[in-house]
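Following: one structure in structure tokens, then a few remarks.
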Amino acid sequence: MAENKFTQYIKPPLVLCVICFVMCFLIVGVHKLTYVDTTGIITDSVRTELDAMIGDSSDCVILPDFEAEGVNSVIVDKKKHFCAFEITVNGYAKDGLNVLVGIKNGEIIAVKVLSCKETEGVGTIVTEDIYLSQFIGIDSPDFSADIVSGATFSSEGMINAISIAMNTYNERKGDIFSVN
Amino acid sequence: MSTKPETITTAKQDTPNYFYEFIKGIIKENPTLVGLLGMCPTLAVTATVKGSLGMGLSTMFVLICSNLLISLIKNLIPKSVRLPAYIVIIAGFVTIVKLVLARFLPPVSELLGVYLDLITVNCIILGRAEMFASKNKPLASVLDGAGMGLGFTLALFIMGTLREIIGTGSWFGLDIPFITSPVTLIARPAGGFFTLGIIIALVGVITNKKPKAKAGCANCPSKDNCPTAEKGEDK
């Protein structure tokens, strides 16, 4: 009788738990083998964009312990008085736009899109150079920009990213370019 | 005469024909083109050859691993929880494939996107686990998984090749010079249905699979009492 109850009520969930445990163990192992921590490191894709912005990005470093709302990381080259903000904003998709905004001498010199999850052919219009070129030369958080019809959320996302970059720059430029 | 079929069946049960277990999934019992299973990835990722191969090989890996594990522990799993157990095992292997692809082949991982996670609910894998791996020995299950996976990959590869060549005028991303005006519809979802239909029809012709005969009134036991049968209408 006791054995019957065991096979009926206890064994099934027990076996299922053991299987879940074994699979989790396997996944954790594979995750440990494949995970690469990129925090604090300038990845290849970011490096390419930085090179395109200022020519030679070998003096660029990620600012450690810099925290600002909406900004993932800040890359700075003090000699050239250049900094770049890596920002992720919501477009039509959640966290749809990952952009790099390059600011030199207080002026935006380039906006590059690192990754985009927006609708192909609609939201992706805001990642094209024709659209992004309107942001070049902006030197204050008060600016106006065009919104692409049909891609309102994506355009607003991009404008939001630019204003986060400009606001953070204006408020924290002392911290960013401080000697220490 | 009457004992002949019995001897064949017993012989088959005693020594499984490993070669047959492997080869059957490729054409004769091809899961996609004959079994019509796994239609979602077949239509969704076959716009390019790269996506097709990525999906096919990922599925094949999961199929082989899950078939092996399930056939090894088939006697330990109680009947009442066998389906959740299979799904957990399959989902585990899918996660492993996802992690490995994201690390070593990021372009393929991005191309497949959410369809990589959806391998978990691919009915070919659960189907083989339930129909085959839970009733057969590990080696036969691995070969069955490999054969079915190869059949699936082959079907996706054919679809991907046709759709990419006709739809975008390229193959594996390489431009084909003499195709000047590609039929873009074929690379779109609707084109997937067209291509799949044509391929299934061709495979049907090759394997000489006839459609089921329509049931008529001639052999119906209750035709005498049926009013429509007198008018000669099919039921």
Side-chain angles (χ1 to χ4, degrees), chain A residues 2-39 41-49 88 91-99 113-124 127, chain B residues 44 47-48 51 58 61-62 65-66 68-114 116-117 119-120 125-126 129 133-134 168 184 187-189:
Chain A
E3 198 184 332
N4 263 352
K5 275 197 173 169
F6 174 77
T7 48
Q8 199 180 349
Y9 297 113
I10 301 169
K11 197 185 167 194
L14 198 69
V15 169
L16 207 52
C17 287
V18 170
I19 290 174
C20 288
F21 182 76
V22 171
M23 290 318 290
C24 289
F25 195 71
L26 216 59
I27 292 168
V28 169
V30 174
H31 182 262
K32 288 230 168 196
L33 286 177
T34 55
Y35 181 68
V36 180
D37 190 5
T38 53
T39 31
I41 298 166
I42 300 177
T43 54
D44 288 349
S45 58
V46 175
R47 179 74 70 188
T48 321
E49 300 299 353
T88 305
Y92 188 68
K94 190 176 184 300
D95 296 335
L97 291 162
N98 181 213
V99 295
V113 178
L114 297 172
S115 71
C116 170
K117 295 181 202 160
E118 303 294 276
T119 319
E120 193 68 43
V122 185
T124 50
T127 65
Chain B
T48 58
S58 309
F61 173 80
V62 177
C65 293
S66 63
L68 174 66
L69 191 60
I70 289 165
S71 74
L72 281 173
I73 59 168
K74 60 178 183 285
N75 295 330
L76 300 174
I77 306 175
K79 281 266 177 276
S80 53
V81 291
R82 67 186 196 289
L83 287 180
Y86 297 163
I87 287 290
V88 168
I89 291 169
I90 294 165
F93 284 117
V94 170
T95 315
I96 288 170
V97 168
K98 202 185 162 190
L99 290 172
V100 171
L101 277 187
R103 171 76 174 87
F104 298 106
L105 286 168
V108 178
S109 172
E110 267 173 40
L111 193 67
L112 295 178
V114 72
L116 205 54
D117 301 278
I119 296 177
T120 309
I125 302 176
L126 191 62
S134 59
T168 57
T184 28
R188 300 272 167 210

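A, B, ... follow the sequence lines: proteins, then strands. Residue 1 opens every chain. Remember, predicted model here, so these are calculated numbers, not experimental data.
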Just do the side-chain contact (heavy atoms from CB on, under 4.5 Å) check on B/Phe104 and A/Thr34 with the steps written out, would you?
CA-CA 8 Å; B/Phe104 298 106; A/Thr34 55; 4.2 Å; yes
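- Using a 4.5 Å cut-off between heavy atoms, B/Leu76 contacts chain A through its backbone alone, with no side-chain atom that close.
- Heavy atoms of A/Leu16 lying under 4.5 Å from chain B belong exclusively to its side chain.
- The two residues B/Arg103 and A/Val36 come nearest to each other via the heavy atoms NE-CG2, 3.2 Å.
- By the 6.0 Å contact criterion, OH on A/Tyr92 is open, its count of non-hydrogen atoms from other residues, nucleotides or ligands being 12 or less.
- Within the model, atoms CE of A/Met23 and OG1 of B/Thr95 stand 7.5 Å from one another, a figure rounded to the nearest 0.5 Å.
- Residues B/Phe93 and A/Leu26 form a side-chain contact, since some pair of their non-hydrogen atoms from C-beta on lies under 4.5 Å apart.
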Output, in order, the C-alpha distance, side-chain angles, deciding distance and verdict of side-chain contact (heavy atoms from CB on, under 4.5 Å) for A/Ile19 and B/Val81.
CA-CA 11 Å; A/Ile19 290 174; B/Val81 291; over 6 Å; no
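- Taking both residues in full, the closest heavy atoms of B/Pro78 and A/Pro12 are given as CG-CA, 3.7 Å, listed atom of the first, atom of the second, then distance.
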